[in-house]
Amino acid sequence: MPPSEERRSWLPMVGLFLAQVLMSFNVAALPVSLGGMVEDFGVPPTVASSTIVVYGLAVAALVMAGAKLGQRIGWVTIFRVVVATFALSALLMIFSRSVGWAIAGQAVAGASAAIIVPSLVALIAENYRGAQQATAVGSLGSARAISGVSAFLIGGALGTLVGWRPVFGIVLVLAVAVFAFSFTLRADRGDPGVRIDLVAATIIGAAIVLLTLGFNNLNSWGLFYASPGAPFALGGLSPAPVFVLVGIVLGQTFFWWTRRRTAAGKVPLVDLSVLVRPSERAAVYAMFVVVALEAALNFTVPLYIQIVQGRTPFDTALAMMPFNLTVFVTATLVVRFYKRYPPRTIGVFGFVLTTAALLWLSFVVTNNWETLPTILGLFVFGVGQGALVTLVFNVLVTAAPKTLAGDVGSIRGTTQNLASAVGTAIAGAMLVTILTFTVGRAVVEHAELPPSLVAQVDLDNTNFVSNDELRTVLDATDATETQVEAAVAINEEARLNTLQFGLLILAGVSATAIFPASRLPRYRPDEIPDPSPAK
């Protein structure tokens, strides 16, 4: 650290660290609470998972506008306001009387996080310099990882012993703590001259909403042709793929509009100069893939353990512990390798690990999650995931000057939360689609299940139900004991095969990021001049 560089107290960083924990704990607690919400509200798991989707959707749709709002009002002031609204979202979750209230709670949480996300980067840039700033940025990755571990462990224990609602009491306590620590941050003044490009904000917001809704409803609305559950049809065509297509077009329109506005000398909603180099674009793509994979895994595994196997949230926490604990440890320790290996090497190695781990899991996963091969697969995936989450964020922050800290934060927030929402949505749609073919084939192959019995229990209704629920339904029919056992075997085998095939597809998605990761920078952090030196 240069002699002229002022060393500042870490107390403000404690508050920012807890703010990242607050958001990440909330997100990680949702999959663990899935079984409890399904039971409490009497809705299918795909409906309960809308809480996960709507949070990511709100953040991704509003984070760019949130960054400009922070610049206009002042980061410290707006930070305190949105932390308070995040506390309100926790109260909505705790006292929700229907799944609609829970979804509304996560919408409020997402809107709050849309400002917290860019404010973290901006406040770190405001409060720290040089080596302290690099350490502070790296700690955000650790905060995200430790939140996953604690949410699954604490949430699993509370969900099993008390219920899912007390988990969000912890979210409330964290919000209060962050609000208290916010008074240690350096006071700043907003710039009333900052103008928010409402046209760009509307375009990107609509694009993200349409993309998320489209992906999330590919199964319920129809992959190509409109199903009976679709809200409307376009000449018989499902609105889901249409939403996805229009969302992509609007996303392209947003980039065109932003470049046009920048060329005219006006302030854009987000400065695209932070993505001018191929290495920075590769970092954004890598961030999207790695977060989407994590979201898909965090949705898929709890869904299978809690819904199909009928096991407790604590069992889910134990099953996911090798993954979440490894992500935390790796995200914390990987910074020690930055002086020895460039981002390109670490990025490629990380995606090779995640691809190999998912491929391995697709072959070895069984109904017993405590087997050594399964634990090994989750461990290896966690190593790759933990290294990548911290790496790609550091690449973006290091390459940008302090004046663009809010823009980096908004791009990070948009990418991570859109990836989380899309990853969860696609995982749900993919699993149910695969399940359709798997169950249909299994019913045909089991001659001991006559069509009359299949019609009575609607066995080919491809949603995820537990074996106990299926037995209860079969008890009300004229099924023999042999037929009951055959139906339960189909339920368990078909859904396990679906999980295995889903993991194989995720391995393929991970592999697509290996080549883009090879475009990450070649430099090592000690070779880069500080982009925001102390003044």
Side-chain angles (χ1 to χ4, degrees), residues 56-75 78-79 82 110-126 137 140 190-191 193-212 247-288 291 392-422 531-532:
L57 189 152
V59 180
L62 301 174
V63 69
M64 289 187 182
K68 290 301 178 186
L69 194 62
Q71 293 171 8
R72 181 181 174 87
I73 297 176
W75 286 113
I78 196 69
F79 180 73
V82 295
S112 304
I115 297 179
I116 296 176
V117 168
S119 70
L120 292 181
V121 182
L123 289 171
I124 286 175
E126 177 67 25
V137 168
L140 294 184
D191 182 0
V194 172
R195 294 288 180 267
I196 299 176
D197 185 354
L198 295 179
V199 174
T202 302
I203 293 173
I204 193 63
I208 291 169
V209 168
L210 289 174
L211 281 169
T212 307
I248 293 172
V249 172
L250 287 176
Q252 294 173 328
T253 304
F254 167 77
F255 284 104
W256 168 80
W257 174 267
T258 300
R259 293 189 185 98
R260 180 174 177 270
R261 187 175 176 86
T262 302
K266 299 178 181 179
V267 178
L269 185 65
V270 63
D271 195 327
L272 295 180
S273 66
V274 297
L275 298 176
V276 70
R277 288 180 291 191
S279 61
E280 292 156 356
R281 293 194 295 271
V284 171
Y285 179 77
M287 182 183 294
F288 186 93
V291 173
V392 292
F393 182 34
N394 279 345
V395 168
L396 286 175
V397 174
T398 306
K402 174 188 170 183
T403 54
L404 298 180
D407 295 274
V408 171
S410 66
I411 289 174
R412 173 210 177 202
T414 301
T415 303
Q416 286 189 337
N417 289 280
L418 179 60
S420 180
V422 171
S532 54

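Just so it is clear, the structure is predicted and the values come from calculations on it, not from any experiment.
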Enquirer: At their closest point, which heavy atom of A61 faces which heavy atom of V209, and how far apart are they?
Expert: CB-CG2, 4.4 Å
Enquirer: Looking only at heavy atoms, which two atoms of A113 and V59 are closest? And how far apart?
Expert: CB-CG2, 3.7 Å
Enquirer: Measure the spacing between CZ of F254 and CH2 of W257 and express it to the nearest 0.5 Å.
Expert: 11.5 Å
Enquirer: Measure the spacing between CG of L198 and NZ of K68 and express it to the nearest 0.5 Å.
Expert: 12.5 Å
Enquirer: Please check if the number of heavy atoms outside R281 that lie under 6.0 Å from its CZ is greater than 12.
Expert: yes
Enquirer: Tell me, yes or no, whether the heavy-atom count around Y285 atom OH, taken from other residues, nucleotides or ligands under 6.0 Å, exceeds 12.
Expert: yes
Enquirer: Could you report the tightest heavy-atom contact between A111 and A58, atom names first, then the distance?
Expert: N-CB, 3.8 Å
Enquirer: Checking V270 against I411 for the side-chain contact (heavy atoms from CB on, under 4.5 Å) test, could you report, in this order, the C-alpha distance in whole Å, the side-chain angles of both residues, the deciding distance, and whether it holds?
Expert: CA-CA 8 Å; V270 63; I411 289 174; 3.9 Å; yes
Enquirer: Rounded to the nearest 0.5 Å, how far does CG of L211 lie from CG of L250?
Expert: 8.5 Å
Enquirer: So, taking the atom named CD1 in I204 and the one named CE in M64, what distance separates them when rounded to the nearest 0.5 Å?
Expert: 5.0 Å
Enquirer: Kindly compute the distance separating CD1 (I78) from CD1 (I116), expressed to the nearest 0.5 Å.
Expert: 10.5 Å
Enquirer: Heavy-atom distance under 4.5 Å between the side chains of W75 and P118, does that happen here?
Expert: yes
Enquirer: Does anything in residues 112-121 form a side chain to side chain donor-acceptor pair (under 3.5 Å)? List the pairs, not counting sequence neighbours.
Expert: T85-S112
Enquirer: Where do P268 and T258 come nearest, in terms of heavy atoms and distance?
Expert: CB-CG2, 3.7 Å
Enquirer: Taking side chain to side chain contact (heavy atoms under 4.5 Å, CB included) as the criterion, tell me which of V117, L69, I115 meets it with V82.
Expert: I115
Enquirer: List in chain and number order the residues that pass side-chain contact (heavy atoms from CB on, under 4.5 Å) with T202, two or more places apart in sequence or in another chain; answer none if no residue qualifies.
Expert: none
